[in-house]
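In what follows, a structure is listed as C-alpha cells, so that the remarks can point back to it.
A note on names: the letters A, B, ... follow the listed sequences, proteins ahead of strands, and every chain is numbered from 1.
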Amino acid sequence: MSTERRKPFPFDQFEPRWQRVWDERQTFHVLNPGEPGFDASKPKYYVLDMFPYPSGSGLHVGHPEGYTATDIIGRFKRMSGFNVLHPMGWDAFGLPAEQYAIKTGQHPRATTEANIATFKRQLQAIGFGYDWQREVNTTDPGYFKWTQWIFLQLYNAWLNPATNRAEHVSSFTGEDVDSVRLAYISHAPVNWCPELGTVLANEEVVDGKSEVGGFVVERRPMRQWMLRITAFAQRLIDELDGLDWPDSIKMHQRNWIGRSEGALVDFTVVGSGEKITVFTTRPDTLYGATYMVLAPEHPLVDSISTAEQKGEIEAYRKTAASKSDLERTELAKEKTGVFTGAFAINPVTGEKVPVWIADYVLTGYGTGAIMAVPAHDERDWEFARKFALPIREVVSPEPRLGLGGGGVCDAEPLEVFCGEGFAIHSGPLDGLPTSEAKAEIIVRLEQQGIGKRRIQFKLRDWLFSRQRYWGEPFPIVWENGKHRALDESELPLLPPELLDFKPTGTPEPPLSKATDWVRYSDTATRELNTMPQWAGSCWYYLRYIDNKNTERFVGAEAERYWTTGCVSQLSALNSQLPHGGVDLYVGGTEHAVLHLLYARFWHKVLFDLGHVSTPEPFQRLVNQGLILGEDGQKMSKSRGNVVNPDDVIKEYGADALRLYEMFMGPLEATKPWSMSGVEGVFRFLARVWRLVMEENAEGEWLPSSALQDIPMDKATAKVVHATIKKVGEDIEALSFNTAISQMMVCTNALTSANPRSREAVRLLVTILGPFAPHLAEELWERVGGTGLAADQPWPSYDPALLIEDEIEMPVQVNGKLREKIVVKKDATQPEIEAIAKAAPKVAEAIAGKEIKKLIVVPGRLVNIVVA
RNA sequence: GCCGACAUGGCGAAAUGGCAGACGCAUGGGACUUAAAAUCCCUUGGAGGGCAACUUCCGUGCGGGUUCGAGUCCCGCUGUCGGUACCA
C-alpha cells in the first residue's frame, strides 16, 4: 500500500500535462494585425494584470487573486469570440534587488533573473493562459531602450499653453527652452535618504521616512531631473470622468492633485516696500487678515527681519531646518513661530499687520506665505491664541443686519468658524454670501492690480532621478555645464558593468565609479543618475502589444488595434470611444495614485505627440481586495500566517487554488484565507470528476457507467441552461463567487442523475473551463470532446427552457408572508387574485376585513392590504 | 481631525425595493465499512408550541423616515477597517 493518501482525483498527473499542451500548442498566443492568420473580424479584448516586482520570496496567495480573475475573463472572452491580449511581465529594476545584491555580493541581474524564473514557474503552475511570447522585462535592453526613448520625448517636449497640448520644443519661441521642457533640471531641496543613498519622490516618503525600509529622510538641495507633471494637473483631473474606475480611486487621484481655487493677494511691507504675495482660497476674508506668516525658508525673511529680531529668527530657522519632516508634522502639535519685527499693509483695511514666520506654513505650497485670518481658519486661530494676535470676525453663519460699514469690530469671536456664510465687517462685501464675496473681492483686487484669481494644485512636479545602480541610465550627457540628449541611434544606453555598486556614501551616484563609462568624449560626461522604478511600469502595457518591435516602442497598427479595436486609422478616427486603451486592468489599491497617475501622465504626453491613439491608458480598473491570513490579520512572515500557493497546489491542485481564490467572496473585498474553504472547492472539483469517472474495486478510474448518450430531461436541461446563463453573466460582472455557486448547484443536480446525459456534463465542463481549466481539459477529453476545452465556443442557452409552466408565488397579507400559491405561467391578474384570496391561510387572514389594496407583481408575489 | 469603504447565522458569504440566509465551511445524525478514511443522504438563524404532517413569534449594527412592501432607498447615530494629515 502506498504511503501517500490516494488523491480524490488525479490532478497531480493531469495538471502539468495540460500546461505542457497549452505551451506546446501556444494556445494563448494571439496575433497582431498584419501577421498571417490574424482574424480582423473578431473584436479585441485587452485584459491586463499589474505586473509583479519579482521579489526573492516568490508568489504569495495574494498575487493569484487578481491574476485568476483576469485569466477567467480572458479565457471567457476567447471562448466568446474575441481576440484576447492577456500578457505578463516583470517590473524588475528597483531598490530591493540592488540592496539584496549589495548584501550578498551578487550582481542584481543574477538575482533578478533567478527571481523571475521562480515567479514564472509559479505562475505557469497555476495554469494561467498568458501569451508568454509577449513577456516583457523592464531590465531588458530591448525594453529600456524605449523607456529611454520616451524620456527623450519628454525632454524634447513642452506644454504649449495656447493648445494645452504637449508639443516638440521646436514650436517654442521663447528664449530659454530648458525652462519649459517636460523633463528638466532642478536644484530644489529634495528628499535625501542617506541610508538608501538616494533621493526619493515626495510620494515615496511617509511620515518623514522612506516608504522602503523606513529610514530617515532629510531635505537638501541637489541637482535633479524633474518631470513637469503639474502642467497636466487639470487634464489629469478632467479626464478621469470618462473612466470606469472605482469612485474611491478617482477621488484619491483628485485629492492628490488637490486643485483649489482662490486668489493671489499682494501685501506691501512697511518701510522696505517689498511685496509679499499670498495664496488664499478665502479672499472674502481679507478684511479679517490680522497678521501674516511666512514659511521659515521664504526668501524675503532675511530682508524684512528687523535687527533686534534677527537672532531669534535665525535660531528658529535653524531648528526648523534641522527638524526632520516627521518632527515638523507629527510631533508639532503645538504651533510655534517668531515675529520678524516687520509689518505689512492689509491692502483693503490699510492696517499695519505683523509678519511672523512659522513652520506651519509650508514652503512648497502656494507662495510659501499666507495671510492669517484667525477667526476663520483653525490653524491661524490656534496660532493667534497662542501669541495673542488680534482676531476679527468677518464671516457670519447667518446674515446679520446693522454690522455694515466696514467698521472694525473689537469684540473677538468665541470660536473659530471655517464654513461659508455672509460677510460682515468687510466694507463693500458686507452682507454678501461667501461665494459672491469671493468673486467680488477678486474683481476689486484685479482692478487695483494687487491680486488675481488663481488655481493652485497640491501636486508637485515629479522628482525623476535616483542615485542608484539598478535602474535605467539617462540618455543625457553634460558638456560645458549644459545637458544635451543622446541621439536615438545611441540607445539603448546600457549601464556600466560594475562590480561595486554600493552607494558612495555621498550624493554622488554609484555610476560615478565607472570612470570609463562616465567619460563620453573629451569634453562631455554622462549623466550619473538613473531613473526611478516607476519609469518602466509607466508604459509596459504598450510594449506587450508589440514587444519585439526594434523600430518603434510599439507598432502603430498594433497599438491602434489593441487600444481602439480599429484596424485602420480611418475607422479609429470615426469610432466613438470614450477613452479606449486597456479594456480591463486589475491590481491592488496600493497603486491608486503613484503608478496610475504617472502612467496616465506619460500616456497623455505620448498621445499629444501622436505616438498613441487614446488619451487614457486604462478604460476600466478594478482593485482586487486584500487576502488576510487565517487569523484575520494581514499576511506577514513575522506573524507566520503566510500561505504559499506552491503548498496549496501540491495538496489540492492548481484548479482548487484558482477556484478557492474566486469563491472566497467578492473580488474587491478584503477576506481571510481558510484552508477548509479550499477543501470545500476541492471536494466540488472531485464531484465534477466523478460525474465522468468512477472508481472500480481496484481503485482505478474508469469512465462512469452512468454517463450515457441520452438527451437531457426537462429538469436537467433547465438547470444546465440556467447555469450557462448565470455563469456567463456573472463572469461579465466579475461575480466569480456566485458563478461558482451556480456550477455547484448544477453539479449537485447532475450527481443524482442516473443515467446521466453526456451532453449535460459536456456543457458543464465547458463553462467550468475558465475557472478550473486543467480539470476541464481532462474531462473534455474523457467525455469525447474534440480539440481543447479552451478552444470551445462559449455555449449559448435557450431562454425557452428557463421558463416554468407553473410559477410559485408567495402571498403576503399586510406585508407578511401567509401562503405560497402555484399559478400557470400565463395566468391573468384576476385569476391570480382569485387563487390568492382563496388560499386557506390568506382567506383566514383577510376574513371579514376590507381589502384596501391588492398588489400583484407578475412572477414575483401578491400582497393584500387589509384595513 | 478629515475623506472613503463596510456592518446579514458558529464562519466565508447570497439576495433588479418583492419568500432573508443560495452556495460553501463547520455542526449533529444516518447509510456504506470488521473498523476508519473517502463517499452518499438528512439536519442546522433564534425562541416557543404540538405525537405528528406541522405551526406561532422574533430576526440583516442602533434610532427615525419613505413605501402595499426595506438587508436594499433617505435622514441621524454607533462600531470596524482602510487612506490621509498644518496644502492656506
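Using a 4.0 Å heavy-atom distance criterion, A/E378 is classed as making no nucleic acid contact. Using a 4.0 Å heavy-atom distance criterion, A/V745 is classed as a sugar-phosphate-only contact. Using a 4.0 Å heavy-atom distance criterion, A/D380 is classed as making no nucleic acid contact. Within the nucleic acid shown, A/N737 comes within 4.0 Å of sugar-phosphate atoms alone, with no base atom in reach, counting heavy atoms only. Nucleic acid contact class of A/R259 (heavy atoms, under 4.0 Å, all strands): none. Among the heavy atoms of the strands lying under 4.0 Å from A/T280 are primed sugar atoms or P, OP1, OP2 only; no base atom is included.
Of the candidate nucleotides B/rG24, B/rA15, B/rG69, B/rG69 has the atom lying nearest to any side-chain atom of A/N863. Checking B/rC19, B/rC25, B/rC86 against the side-chain heavy atoms of A/S676 singles out B/rC25 as nearest. In the set B/rA88, B/rG83, B/rU16, B/rG83 carries the atom at the smallest distance from any side-chain atom of A/H252. Distances were taken from every side-chain heavy atom of A/L817 (C-beta onward) to each of B/rC86, B/rC19, B/rA88; the shortest belongs to B/rC19. Taking every side-chain heavy atom of A/L362 into account, B/rA88 is the closest of B/rC3, B/rA88, B/rC19. Distances were taken from every side-chain heavy atom of A/V361 (C-beta onward) to each of B/rA88, B/rG4, B/rC86; the shortest belongs to B/rA88. Taking every side-chain heavy atom of A/K671 into account, B/rG12 is the closest of B/rA14, B/rA88, B/rG12. Checking B/rA88, B/rG12, B/rG4 against every side-chain atom of A/Y365, the shortest atom distance belongs to B/rA88.
Nearer the 5' end of RNA chain B, as judged by each residue's closest nucleotide, is the contact made by A/I855, out of A/I855 and A/S260. Remark on RNA chain B: of its neighbouring residues A/R687 and A/P672, the 5'-side contact belongs to A/P672, judged by nearest-heavy-atom nucleotide.
Between A/F383 and A/F387, the ring-plane angle classifies as tilted under the 30° and 60° cut-offs.
Nucleotides B/rC81 and B/rU72 are separated by 24 Å at their P atoms, to the nearest Å. Comparing the same atom, C1', in B/rG83 and in B/rA88 gives a spacing of 22 Å after rounding to whole Å. A gap of 38 Å separates the C1' atoms of B/rC75 and B/rG24, to the nearest Å. If you take atom P in B/rU16 and the same atom in B/rA7, they sit 14 Å apart, rounded to whole Å. The C1' atoms of B/rG79 and B/rU8 are separated by 16 Å, rounded to the nearest whole Å. Atom P of B/rG46 sits at a distance of 12 Å from the matching atom of B/rG9, rounded to the whole Å. B/rA36 and B/rC32 have their C1' atoms separated by 12 Å, with the value rounded to a whole Å. Distance check on atom C1': B/rU67 versus B/rU56 gives 27 Å, rounded to whole Å.
The pair A/K671-A/E65 counts as a salt bridge, with a side-chain nitrogen and a carboxylate oxygen less than 4.0 angstrom apart. Using a 4.0 Å cut-off between charged nitrogen and carboxylate oxygen, A/E261 and A/R259 count as a salt-bridge pair. Checked for salt-bridge contact, A/K386 and A/E382 miss the test: no charged N lies under 4.0 Å from a carboxylate O. Checked for salt-bridge contact, A/D266 and A/K275 meet the test: a charged N lies under 4.0 Å from a carboxylate O.
B/rA35 is unpaired under the criterion used here, namely a Watson-Crick or G-U wobble arrangement in which both key atom distances are under 3.5 Å. Summarising the base pairing, B/rA52 is matched to no nucleotide, lacking a Watson-Crick or G-U wobble pair whose two defining distances lie under 3.5 Å. In this structure, B/rC81 and B/rG4 make a Watson-Crick or G-U wobble pair, each of the two defining distances being under 3.5 angstrom. Figure legend. B/rC25 is base-paired to B/rG10; pairs are counted as Watson-Crick or G-U wobble with both atom distances under 3.5 Å. Judged by Watson-Crick or G-U wobble contacts below 3.5 Å, the nucleotide B/rA20 has no partner. Of the nucleotides present, none pairs with B/rU67 by Watson-Crick or G-U wobble criteria with both distances under 3.5 Å.
In this entry the distance linking CZ of A/F663 with C1' of B/rG12 reads 8 Å, nearest Å. The nearest whole Å value for the distance from the NE2 atom in A/H298 to the C1' atom in B/rA88 is 13 Å. Regarding A/Q742, its CD atom lies at a distance of 9 Å from the C1' atom of B/rA22, rounded to whole Å. In this structure, A/K841 atom NZ and B/rA53 atom P are separated by 14 Å, rounded to whole Å. Straight-line distance from the CD atom of A/E729 to the P atom of B/rA15: 13 Å, rounded to whole Å. As rounded to whole Å, 10 Å separates atom C1' of B/rU56 from atom NZ of A/K816. Nucleotide B/rC54 holds its P atom 12 Å from the NZ atom of A/K820, rounded to whole Å. Here the C1' atom of nucleotide B/rA7 and the CD atom of A/E668 are 17 Å apart, to the nearest Å.
Judged by distance alone, the side chains of A/Y360 and A/T336 never bring a donor and an acceptor atom under 3.5 Å apart. In this structure, a donor-acceptor pair under 3.5 Å is absent between the side chains of A/T589 and A/N623. Side-chain polar atoms of A/E297 and A/T363 form a donor-acceptor pair below 3.5 angstrom. Using modelled atom types, one finds no donor on one side chain facing an acceptor on the other under 3.5 Å when comparing A/E661 with A/T68.
Glycosidic conformation, B/rG4: anti, with the torsion outside 90° of 0.
At a cut-off of 3.5 angstrom, counting only N and O atoms as typed in the model, there is a donor on one side and an acceptor on the other between the side-chain of A/S741 and the base of B/rA22. A donor N or O paired with an acceptor N or O is not found under 3.5 Å between the base of B/rC68 and the side-chain atoms of A/K852.
Regarding contacts with the backbone of B/rC19, every side-chain N or O of A/R818 stays at 4.0 angstrom or more from both OP1 and OP2. Put simply, A/N255 has no side-chain N or O that comes within less than 4.0 Å of OP1 or OP2 on B/rC2. Checking the phosphate oxygens (OP1, OP2) of B/rC40, a side-chain nitrogen or oxygen of A/R690 falls inside 4.0 Å.
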